[in-house]
Protein chains: 2
Amino acid sequence: MKRTFHSSKPESDALNAYIKLIRASENLSVATHRHLADHDLTSSQFAVLETLYHLGPLCQIEIGKKIQKSRGNVTTVVNNLARRKLIERQKDCRDKRFSQVALTDLGEKMVYEVFPHHIAGIVRIFSCLTPAEQHELARLCRKLGLSQQAKTY
Amino acid sequence: MKRTFHSSKPESDALNAYIKLIRASENLSVATHRHLADHDLTSSQFAVLETLYHLGPLCQIEIGKKIQKSRGNVTTVVNNLARRKLIERQKDCRDKRFSQVALTDLGEKMVYEVFPHHIAGIVRIFSCLTPAEQHELARLCRKLGLSQQAKTY
DNA sequence: TAGAAATAGTTTTATGTCAAACTAATATGC
DNA sequence: GCATATTAGTTTGACATAAAACTATTTCTA
C-alpha cells in the first residue's frame with residue numbers, strides 16, 4: 001500500500017518539524033502524567049493547584065485563562081479537586097457571580113509534595129540537550145507560538 | 001501572592017524550554033483541530049483515516065501503535081468512524097480475534113478532501129521559521145524524544 | 001492433548017475536553 | 001428605572017482517553 005500525497009520540499013520540511021514537535025510534546029505529557037498519577041492527579045488538576053499556589057485565590061475564569069481551558073472544563077476540574085478537599089470555593093460577597101477558588105492546607109501540602117519531583121523530572125528529560133540547545137528550542141517554539149496568534153490556519 | 005519555588009539556572013532553562021514547547025504544541029493542536037472540526041472530524045479520527053490511507057487495512061492493535069493510543073480508545077474512535085461509514089471492520093477468517101479495519105470509498109473521499117488543506121495549514125504556520133530553523137527544531141525535538149524512551153522520569 | 005498463558009478486542013469507570021444552551025447576577029443604555 | 005447586554009458559572013451532549021476487568025480466540029507447554 002504505502003500511498004502518499006505528493007510533497008514539495010517546503011511541505012516535507014514543515015511536516016517533519018510538525019510531527020517531531022507533536023511527538024516530543026506527547027512524550028513529555030506521558031512522562032509527566034505518569035508521575036502525577038502516582039499522586040492521583042491529572043495534568044489539569046496539577047495545573048490548577050500550581051496556578052493557585054503561585055498566584056493565590058482566583059476566580060474560575062482567571063484559572064481558565066491561566067491553564068488555557070474552557071469555562072465548562074474548569075468547572076469539572078475544580079469540582080474534582082474540591083471533592084478531595086484540595087481546594088475550596090468561596091462566593092464573592094460583592095459580586096455573587098464569582099467564586100474565589102483557593103488552595104486548602106491539604107492542597108498546599110500536595111503542591112509541596114509533588115512540585116519538586118515534577119521539576120526534577122523535566123530537568124532530567126531536558127538534560128539531553130545542552131543549555132544552548134534548550135535556549136534555541138525555546139526560541140523556536142516561542143516564534144512558532146507567536147506566529148499562530150495572528151493566523152487562522 | 002506570586003510565590004515560587006527556588007529555581008536554579010539549569011532548572012529554569014529546562015522549565016522555560018518545556019513550557020514553550022508545550023504551548024507551541026497546544027497551539028498547533030488548536031489550529032489543526034479547528035480545521036478538522038469543519039469536517040466533523042476529531043484529531044484522532046483524522047489520524048486513523050490518514051493511517052489507513054497511507055498503509056491500507058490494519059487491525060486495531062496496529063492502528064493503536066501508529067496513532068499512539070490505547071486499545072480501548074481505538075475501539076471508541078473506530079466505532080465512531082464506522083457509524084459514519086467512513087471505515088469498515090472485517091473479521092479475519094484465519095484468526096477470529098482480529099478485525100481488519102479499512103477505509104470505505106466515502107472515507108477515502110474524506111481524506112482527499114481534508115488532507116491537502118491540513119498540510120497547507122501546517123506549512124503556513126511553520127513558514128514563520130526558515131528552512132534551517134525548521135530542521136533545527138525537528139532535530140532538537142527528535143533528540144528530546146529519543147532521550148525519553150530510556151528514562152522513567 | 002488438556003490446561004495455562006497470551007493476544008485482540010470490548011466494556012466499564014473515571015476523568016478530561018469543547019461547544020452550546022442555560023441560569024443567575026451585574027452592568028449598560030435609552 | 002426598566003429592558004437589554006454582558007458576564008460567571010453550571011449543565012448537557014458528544015467525543016477522547018487510560019486503566020482495569022472481561023470475553024473470545026489462539027498459542028504454548030508440560
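Order of the sequence lines sets the chain letters (A, B, ...), proteins ahead of strands, with each chain counted from 1. For clarity, every value in this text was computed on a predicted model and none was experimentally measured.
With rounding to whole Å, Lys69(A) atom NZ is found 17 Å from dA16(D) atom P. The nearest whole Å value for the distance from the CZ atom in Arg97(A) to the P atom in dA5(D) is 16 Å. Straight-line distance from the CG atom of Leu86(A) to the C1' atom of dT15(C): 15 Å, rounded to whole Å. In this structure, His33(B) atom NE2 and dA14(D) atom C1' are separated by 11 Å, rounded to whole Å. The CD-C1' distance, from Gln68(B) to dA16(D), rounds to 16 Å in whole Å. The CG atom of Asp95(A) sits 11 Å away from the C1' atom of dA24(C) (whole-angstrom rounding). One atom, CG of Leu58(A), and another, P of dA8(D), lie 13 Å apart when rounded to the nearest Å. As rounded to whole Å, 12 Å separates atom P of dT12(C) from atom CG of Asn79(B).
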| Worked check of salt bridge (Lys or Arg N to Asp or Glu O under 4.0 Å) between Arg139(A) and Glu133(B) | CA-CA 10 Å; Arg139(A) 184 184 74 82; Glu133(B) 285 177 331; 3.0 Å; yes

| Would Leu86(A) and Gln45(A) satisfy side-chain contact (heavy atoms from CB on, under 4.5 Å), going step by step from the backbone distance to the final call? | CA-CA 10 Å; Leu86(A) 295 171; Gln45(A) 286 173 359; over 6 Å; no

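Nearest-nucleotide assignment on DNA chain C puts the 5′-proximal partner with Phe98(B), out of Ser70(A) and Phe98(B). With the nearest nucleotide of DNA chain D identified for both Thr75(A) and Lys96(B), Thr75(A) has the one nearer the 5' end. Looking at which nucleotide of DNA chain C each of Ile61(B) and Ser44(A) is closest to, the 5′-most match is held by Ile61(B).
Within the structure, a side-chain polar atom (N or O) of Asn73(A) is placed less than 4.0 Å from OP1 or OP2 of dC18(C). Put simply, Thr42(A) has a side-chain N or O that comes within less than 4.0 Å of OP1 or OP2 on dG16(C). Within the 4.0 Å cut-off from OP1 or OP2 of dC15(D), at least one side-chain nitrogen or oxygen of Arg83(B) is found. For Asn80(B), no side-chain nitrogen or oxygen approaches OP1 or OP2 of dA14(D) to under 4.0 Å.
A salt bridge does not link Glu50(B) with Lys66(B): none of the charged nitrogens is closer than 4.0 Å to a carboxylate oxygen.
For Asp38(A), the CG atom sits in a packed shell: over 12 heavy atoms of surrounding residues, nucleotides or ligands are nearer than 6.0 Å.
For dA5(D), there is no paired base (Watson-Crick or G-U wobble, both distances below 3.5 Å). dT26(C) is unpaired under the criterion used here, namely a Watson-Crick or G-U wobble arrangement in which both key atom distances are under 3.5 Å.
Glycosidic torsion of dA5(D) falls within 90° of 0, placing the base in syn.
In the interface, the side chain of Arg71(A) is paired with the base of dG9(D) through a donor and an acceptor atom under 3.5 Å apart.
The only option from Ile87(A), Thr76(A), Val101(A), Thr42(A) that meets the side chain to side chain contact (heavy atoms under 4.5 Å, CB included) definition with Leu81(A) turns out to be Ile87(A).
When heavy atoms are screened at a 4.0 angstrom cut-off, Ser99(B) is found touching the sugar-phosphate backbone but no base atom.
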